[in-house]
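To keep things clear, I will list the structure first and then write my remarks on it.
Every value quoted in this text rests on a predicted model; they were computed, and no experiment measured them.
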Amino acid sequence: MMGRVRAIENRRWLVRSVNKGVAGTVNDLGQPVRTLASGEQTQALSVRPKLLTGRTVFNRVGDWPALLLALGMIGYAVRVDRREG
């Protein structure tokens with residue numbers, strides 16, 4: 001599930017190869033394209049992921065908006081606490 005979220009967040013295809021578990025590909029919209037279950041070890045998965053360009057807003061700014069908002073809320077709480085105290 002986290003792989004699907006990362007594919008959507010970064011707007012990139014995800015190709016996952018594992019020793020045990022589910023291997024597969026997820027497109028940039030988070031939809032599974034092809035999967036290979038853990039019991040199908042003798043098979044191979046062949047896929048051509050779409051190479052995409054550009055960056056998402058999250059790629060450009062990262063966690064900075066959330067951090068700035070948190071700092072603003074802390075500053076506001078300190079200000080209100082000083083007024084009441």
Side-chain angles (χ1 to χ4, degrees):
M1 289 303 287
M2 283 306 297
R4 292 176 72 178
V5 171
R6 294 291 176 221
I8 295 168
E9 179 179 85
N10 294 304
R11 295 291 290 176
R12 297 286 186 266
W13 278 58
L14 173 79
V15 178
R16 180 179 166 165
S17 173
V18 295
N19 290 332
K20 292 186 177 194
V22 179
T25 57
V26 176
N27 68 11
D28 57 327
L29 301 175
Q31 302 162 336
V33 177
R34 295 194 57 198
T35 59
L36 190 63
S38 61
E40 306 173 42
Q41 296 172 352
T42 58
Q43 294 183 3
L45 187 65
S46 175
V47 87
R48 287 184 179 250
K50 194 189 234 185
L51 299 178
L52 303 172
T53 59
R55 295 176 67 189
T56 63
V57 174
F58 182 79
N59 281 91
R60 282 182 254 155
V61 297
D63 292 327
W64 283 107
L67 293 172
L68 292 175
L69 181 62
L71 286 174
M73 291 171 60
I74 291 170
Y76 180 73
V78 168
R79 184 176 167 197
V80 168
D81 188 47
R82 285 186 183 169
R83 279 188 189 173
E84 291 178 2

Nearest atoms (heavy-atom pairs only) where Arg4 meets Gly30: NE-O, 2.7 Å

Residue pair Val15 / Thr25: nearest heavy atoms and the distance that separates them: CG2-CG2, 3.9 Å

Atom pair CG (Leu14) and CD1 (Ile8), whose distance is rounded to the nearest 0.5 Å: 11.0 Å

Over 12 non-hydrogen atoms of neighbours within 6.0 angstrom of CZ in Arg60: yes

Side chain to side chain, Leu29 and Arg11, heavy atoms closer than 4.5 Å: yes

